[in-house]
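As structure tokens, the structure follows; a few thoughts come after it.
Numbered from 1 within each chain, the chains take letters A, B, ... in sequence-line order. All figures in this text were calculated on a predicted structure; none of them were measured in a lab.
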Protein chains: 2
Amino acid sequence: MRKTKQRQVVLDIVRSTDAHPTADWVYEQARKVIPNISLGTVYRLLGRLQEEGLVVQLEAGSRKSRFDGQPGPHQHIVCERCGRIADVPDVVDRAATERIEQLTGYRVSTHRVEWFGLCPKCQE
Amino acid sequence: MRKTKQRQVVLDIVRSTDAHPTADWVYEQARKVIPNISLGTVYRLLGRLQEEGLVVQLEAGSRKSRFDGQPGPHQHIVCERCGRIADVPDVVDRAATERIEQLTGYRVSTHRVEWFGLCPKCQE
DNA sequence: ATGAGAATAGTATTCGTTCCTATTTTCACA
DNA sequence: TGTGAAAATAGGAACGAATACTATTCTCAT
């Protein structure tokens with residue numbers, strides 16, 4: 001792993017804010033320092049930084065939406081190897097929701113818990 | 001809202017499985033019944049069925065990934081109006097994880113809680 | 001029966017992201 | 001301090017899930 005100016009700039013930018021920026025926002029900021037930096041470089045660096053644990057990527061996962069024909073209060077667990085999705089009961093109670101509302105000032109309307117792991121078949 | 005064959009077929013398909021199918025899987029199944037059904041129709045119907053509460057869409061939200069330069073155990077709350085994201089502490093304890101493992105047979109490696117609501121600014 | 005408008009089929013388009021490759025840059029080692 | 005091999009980048013092409021567009025078909029209240 002080599003120390004490049006691009007890498008340092010991208011890391012500084014993503015660390016400089018708590019606004020959870022998008023890749024293209026990081027790209028725009030980076031261009032102020034390195035005008036001809038490439039968007040592909042930003043994507044590659046963000047991915048690499050994530051592998052190293054310096055950055056967390058939200059809403060990643062498979063980019064395909066999946067649909068559930070059994071609506072109702074339940075959550076999901078996704079197999080990290082084969083993508084199989086199973087239903088699980090919700091573990092978040094009313095007290096937790098109220099705590100979040102008080103801490104953030106947000107008015108909570110809903111929440112979603114996603115679990116990740118290995119399904120029984122993929123555990124071998 | 002009109003009763004069309006396409007609508008009924010898509011609803012039957014998405015209700016017939018608990019595998020949380022993708023839109024193109026639903027499309028392939030639907031083509032076995034209506035060979036010239038359009039993929040756009042499948043997308044539109046799934047969206048409409050979701051609005052009616054008959055179907056739940058997973059992993060939806062903005063299609064852009066967002067990045068967090070402050071790694072560490074915390075979760076997020078997303079404003080449904082302006083997209084603002086704030087950090088919140090995790091509310092899932094060890095006992096809940098064990099319960100999920102026993103219920104599903106999955107080996108849990110991580111989880112993610114996403115809260116949705118209105119940020120203070122958007123509550124007016 | 002019929003006509004207005006809702007829904008569809010087929011296709012083009014959008015846009016976030018990834019891939020490709022010639023060129024540049026970094027850094028271990030002489 | 002040079003030098004060369006490997007790694008990283010810039011720029012642009014390609015990909016793919018999802019959406020937009022529009023002429024045509026279908027539904028259903030009357």
[X] versus [Y], closest heavy-atom pair with distance:
X      : Y      : answer
A/F116 : B/H111 : CD1-CA, 4.3 Å
A/V42  : A/A23  : CG1-O, 3.8 Å
B/Y106 : A/P120 : CD1-CD, 3.8 Å

With axes from five pairs an end, tell me the bend angle of the helix from C/dA1-D/dT30 to C/dA30-D/dT1, nearest 10°.
30°

Below the 4.0 Å mark, does C/dT18 have OP1 or OP2 next to a side-chain nitrogen or oxygen of A/R44?
no

If the cut-off is 4.0 Å, is A/Y43 near the phosphate of C/dT17, judged by side-chain N/O to OP1 or OP2?
yes

May I have the distance from [X] (atom [atom1]) to [N] (atom [atom2]), rounded to whole angstrom?
X     : N      : atom1 : atom2 : answer
A/Y27 : C/dT18 : OH    : P     : 16 Å
A/E51 : D/dA8  : CD    : P     : 11 Å
A/K64 : C/dT17 : NZ    : P     : 17 Å
A/L46 : C/dT18 : CG    : P     : 10 Å
A/L45 : D/dA7  : CG    : C1'   : 12 Å
A/Q57 : C/dT17 : CD    : C1'   : 10 Å
B/R48 : C/dT8  : CZ    : P     : 7 Å
B/I34 : D/dT25 : CD1   : P     : 17 Å

B/V9 versus B/Q6: any side-chain heavy-atom pair under 4.5 Å?
no

Quick check: do A/E101 and A/R107 have side-chain heavy atoms less than 4.5 Å from each other?
yes

Identify the pairs formed between an N or O of the protein and an N or O of nucleotides 10-13 of chain C at a distance under 3.5 Å, and give each distance.
{"residue": "C/dG10", "atom": "OP2", "partner": "B/N36", "partner atom": "O", "Å": "3.0"}
{"residue": "C/dG10", "atom": "N7", "partner": "B/S38", "partner atom": "OG", "Å": "3.2"}

Between A/T97 and A/R94, is a side-chain hydrogen bond (donor to acceptor under 3.5 Å, both in side chains) present by the stated rule, with each step listed?
CA-CA 5 Å; A/T97 299; A/R94 174 100 199 100; 4.7 Å; no

May I have the list of side-chain donor-acceptor pairs in residues 14-21 of chain A shorter than 3.5 Å, sequence neighbours left out?
{"residue": "A/S16", "atom": "OG", "partner": "A/I13", "partner atom": "O", "Å": "2.7"}
{"residue": "A/T17", "atom": "OG1", "partner": "A/A19", "partner atom": "N", "Å": "2.9"}
{"residue": "A/H20", "atom": "ND1", "partner": "A/D18", "partner atom": "O", "Å": "3.0"}
{"residue": "A/H20", "atom": "ND1", "partner": "B/I85", "partner atom": "O", "Å": "3.4"}
{"residue": "A/H20", "atom": "NE2", "partner": "B/D68", "partner atom": "OD2", "Å": "3.4"}
{"residue": "A/H20", "atom": "NE2", "partner": "B/H76", "partner atom": "NE2", "Å": "3.2"}
{"residue": "A/H20", "atom": "NE2", "partner": "B/D87", "partner atom": "OD1", "Å": "2.8"}

Please identify each residue that fulfils side-chain contact (heavy atoms from CB on, under 4.5 Å) with A/L103, with sequence neighbours left out.
A/R99, B/P89

Taking DNA chain C as the partner, which of residues 1-17 of chain A come within under 4.0 angstrom of it by heavy atom?
A/R2, A/K3

Roughly how far, to the nearest 0.5 Å, is CG of A/L46 from CZ of A/R44?
10.5 Å

Which ILVMFWY residues are connected to B/M1, directly or by a chain of links, through side-chain heavy atoms under 4.5 Å apart?
none

Is the shortest side-chain N to carboxylate O distance from A/R48 to A/E52 below 4.0 Å?
no

